[in-house]
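Structure first, then comments.
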Amino acid sequence: MRVAACISLNLPAHCVLYVSHIFLFVFSAEKKPCPLCPEEKFKACYNHKLHRHLQNLHWKISVEFEGYRMCICHLPCRLVKPNLIGDQTFSKMGAHYHCIICSATITRRTDMIGHINRHVNKGETESRFITAPAPKTSQEVLKESDTDVQVLPNYTTPQKTDSYFNPKMKLNRQLIFCALAVLAEERKPIECLDAFGATGIMGLQWAKHLRSSVKVTINDCNENSVTMIRENCHLNKMKVILNAKEDDTDEAIEDGEETIGTIEVTKMDANVIMHLRSFDFIHLDPFGTSVNYLDSAFRNVRNLGIVSLTSTDISSLYAKAQHVALRHYGCNIVRTEYYKELAARIVIAAVARAAARCNKGIEVLLAVALEHFVLVVVRVLRGPSPADDSAKKIKYLIHCQWCEERIFQREGNMVEENPYQQLPCDCYGSMPGKTAVVLGPLWSGALFNTGFLRRMLFEAVQYGLEETQPLLKTLVCEAECTTLKQFSIHSSIDENKQEECGVYIKTPDTSAESYLVHGKRKSNEVIRNTPKRQKCENSAEHPAFYYNIHRHSIKGMNMPKLNKFLSYLSEAGYRVSRTHFDPMGVRTNAPLAQFKTILVKYSTPTYTGGQAEGPVHLTEDLQVGDHVQAAVAGKAGDGEILEDNKSGVTATCWLQTCS
């Protein structure tokens, strides 16, 4: 039998101790039992002792909700699994809380708080024991890129709300919008899908800015999210279509008010809608990994279409949870200096394998790894030949844990006797134990397409996306492996046509002439030379991975400024650029030995720091090195040594002296 108590013992007037149905008041001087504990646990006592018991045991760990406190109950309301001892059965009684909104009994306080918050997020705040109606939760209206969206409370926490909206992902949404705008210039109209709508902010931005160039479908499997998406569509003056039929029941838009565009809103599982329908552009942004939806995405995506996916499981991708990365991606990883690029290549490898299972190949247009997400945008190329070419670019990586040297394994099925010989370094011979690990499988191809990135930058300038332009400029420089000083926005946009994977594609200043005939898309300009696709030139690809300048600095030496160091590498004949993966990262085709040589050569001694650790006998050598000029012509090989023409001291001796 449930027992409840409302006890007023010098407590605030608005606070009520609630447990269940019966309320007792303690005012007399007689001995009273605790209304929340059984007799065998707490015997009847006087008011002062009962008051202390209630405050210390029940009041301190209570859960508050709209002026009411749900205290912990020790009565036999919730029976735990019985224990058999001999011939008798004993039922263990556990402490628990009673929900004031529903009839649930919950054991832990943290679970009770989460249970109440879920009621609040769903708008269920009216208690069965409160006569006055609870006020409705207010919905906040946020604005991003001229698009208004309504959000529920706790909208930044996906576990606490059905309409998740993260303001920190604004840059991610703008990058995806630029990619879609580029595709919309190639052919019109295009059918695009936002498979995980949540609030619908991304699909609303597509339809509001691109208008008739796109046919937007926003999907979500949650009923509350679908309702929120419909309300946000009406808030932005969009006409809503449900399941390809016009929704005449909604009266949110007045009869005399004009609509900007039309959006189709569906309530399905993401895998189901991608199996049933074909799209030109698909974006996947689930909570966590996207690997569960890749097979469905590549099954019906149209030829030369684009698939973009945002992975937010950064704990596994950034090698904090290596067992999760092995489970989701089938990949062995460790924490390295280039861990963000490693994460991007892991995701692309999973994408390439999923596309190859559907007889499709991919061309990576964009790969971005920042603090909160990993974004990958790929173009789909139908046919077994592109699928085979993409599958061949999935390789394993040999990584030296001593010097951070890395190299992709050679192709072939034959077992090598000594895999360490593939590494340019000699750490295996000079260091004890096993020095290298095998990581992967990873994507070994290019991460960027320069022509596509330049057109994305053009669209960002055209639509006034100022926050995205610096990142896109960095990506263009990284794709070309050049510095920002050599960057020019007009170098490729003024051309009439650009080539991507052997397919000529029109630039934004020409009009697209694509049309639909019996459900098949035909365009002479867009799909020219499609039967005879050519491979991208590997010579123009950017170097794989990057070096962190702080990771390879010498103790007791001041490094040169990063921009000056880039110019030193460029003067030595190497391709060099900065990278968006790491603010102190340098992407270059210089070997690691030459990278360290040039870094040490242009570093200056730190006398105070060096003397604090111990005597540094580098004064004479460093004074000579200050007058040394770089004498490197062309590209240096793995074993090339930068020599000092004036002093005759080689850089190898310099490294040995500094170490």
Side-chain angles (χ1 to χ4, degrees), residues 121-123 139-152 155 158 161-166 169 173 176-177 180 184 189-255 257-287 290 293 296-297 300-301 305 307-310:
N121 295 334
K122 295 179 181 179
Q139 294 182 354
E140 185 179 355
V141 178
L142 302 178
K143 188 170 185 178
E144 180 183 298
S145 299
D146 298 330
T147 304
D148 299 325
V149 287
Q150 292 181 356
V151 293
L152 294 174
Y155 60 87
T161 182
D162 295 328
S163 61
Y164 176 57
F165 178 80
N166 189 359
M169 300 290 285
R173 287 186 283 268
I176 297 167
F177 173 80
L180 179 61
I190 59 174
E191 298 184 31
C192 49
L193 170 67
D194 183 9
F196 300 88
T199 59
I201 176 66
M202 191 173 296
L204 287 169
Q205 291 176 356
W206 298 349
K208 197 165 186 178
H209 295 287
L210 300 178
R211 302 294 179 95
S212 60
S213 300
V214 294
K215 295 180 179 179
V216 181
T217 301
I218 305 178
N219 177 74
D220 205 289
C221 61
N222 188 280
E223 183 66 33
N224 296 332
S225 296
V226 172
T227 303
M228 183 66 64
I229 292 170
R230 293 173 58 187
E231 294 178 358
N232 289 331
C233 289
H234 295 313
L235 183 64
N236 291 274
K237 301 179 181 180
M238 293 288 179
K239 191 175 182 180
V240 179
I241 296 179
L242 296 177
N243 298 327
K245 295 181 180 179
E246 293 188 3
D247 185 17
D248 298 329
T249 60
D250 285 340
E251 299 179 356
I253 299 181
E254 300 178 359
D255 297 336
E257 194 172 359
E258 297 182 357
T259 58
I260 299 177
T262 303
I263 293 180
E264 182 180 355
V265 181
T266 59
K267 179 183 176 296
M268 295 184 189
D269 185 84
N271 286 320
V272 174
I273 190 173
M274 288 186 291
H275 271 287
L276 294 177
R277 296 174 53 183
S278 299
F279 295 95
D280 299 284
F281 185 91
I282 297 176
H283 177 62
L284 303 175
D285 188 9
F287 178 67
S290 304
Y293 307 95
S296 303
N300 284 332
V301 64
V307 175
S308 66
L309 59 139
T310 301

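Just so you know, these numbers use all the heavy atoms, side chains as well, and skip hydrogens, waters and symmetry mates.
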Item checked: Ser308 OG to Leu284 CG distance, which is reported to the nearest 0.5 Å -> 7.0 Å
Note to self: Between Asp148 and Lys143 (side chain of the first, backbone of the second, donor and acceptor by atom type, cut-off under 3.5 Å), is there such a pair?
What the structure shows: no
Check: Going through the distances and angles, do Thr310 and Met169 end up as a side chain to side chain contact (heavy atoms under 4.5 Å, CB included)?
Finding: CA-CA 10 Å; Thr310 301; Met169 300 290 285; 3.7 Å; yes
Checklist line | Any Met238 side-chain heavy atom under 4.5 Å of Lys208 side chain | finding: yes
Check: For Arg173, which of His283, Gln205, Glu144 qualifies under side-chain hydrogen bond (donor to acceptor under 3.5 Å, both in side chains)?
Finding: Glu144
Check: When you measure from the side chain of Asn232 to the backbone N and O of Thr199, does any donor-acceptor pair fall under 3.5 Å?
Finding: yes
Notebook entry, point to check: Any donor-acceptor pair under 3.5 Å linking the side chain of Ser225 with the backbone of Cys221?
Noted result: no
Margin query: Return the SG to CD1 distance between Cys192 and Ile176, rounded to the nearest 0.5 Å.
Written below: 11.5 Å
Next item on the list: Could you walk me through whether Leu309 and Tyr293 pass side chain to side chain contact (heavy atoms under 4.5 Å, CB included), step by step?
Entry: CA-CA 10 Å; Leu309 59 139; Tyr293 307 95; over 6 Å; no
Notebook entry, point to check: Applying the side chain to side chain contact (heavy atoms under 4.5 Å, CB included) test to Leu204, which of Ile260, Val216, Asn236 qualifies?
Noted result: Asn236
Check: Roughly how far, to the nearest 0.5 Å, is CG of Asn222 from OH of Tyr164?
Finding: 15.5 Å
Check: So how far is it from Thr266 OG1 to Arg277 CZ, rounded to the nearest 0.5 Å?
Finding: 7.0 Å
Item checked: Closest heavy-atom pair and its distance - Val149, Leu235 -> N-CD2, 4.3 Å
Next item on the list: Search all heavy atoms of Ser296 against all heavy atoms of Asn271 and return the closest pair with its distance.
Entry: OG-OD1, 2.9 Å
Check: Can you tell me if Asn300 uses its side chain to pair, donor with acceptor, with the backbone of Met274 under 3.5 Å?
Finding: yes
Item checked: Inter-residue atom distance Leu142.CG - Thr147.OG1, 0.5 Å rounding -> 12.0 Å
Checklist line | Which atom of Gln150 lies closest to which atom of Met228, heavy atoms considered | finding: O-SD, 3.2 Å
Checklist line | Audit row: Val214, Phe281, side chain to side chain contact (heavy atoms under 4.5 Å, CB included) steps and yes/no | finding: CA-CA 10 Å; Val214 294; Phe281 185 91; over 6 Å; no
Next item on the list: Can you measure from CD1 (Ile263) to CZ (Arg230) and round to the nearest 0.5 angstrom?
Entry: 13.0 Å
Note to self: Main chain of Ala195, side chain of Asn219: is a donor-acceptor contact present, judged purely on distance under 3.5 Å?
What the structure shows: yes
Next item on the list: Look at the side chain of Asp280 and the backbone N and O of Gly305, then say whether any donor-acceptor pair between them is shorter than 3.5 Å.
Entry: no
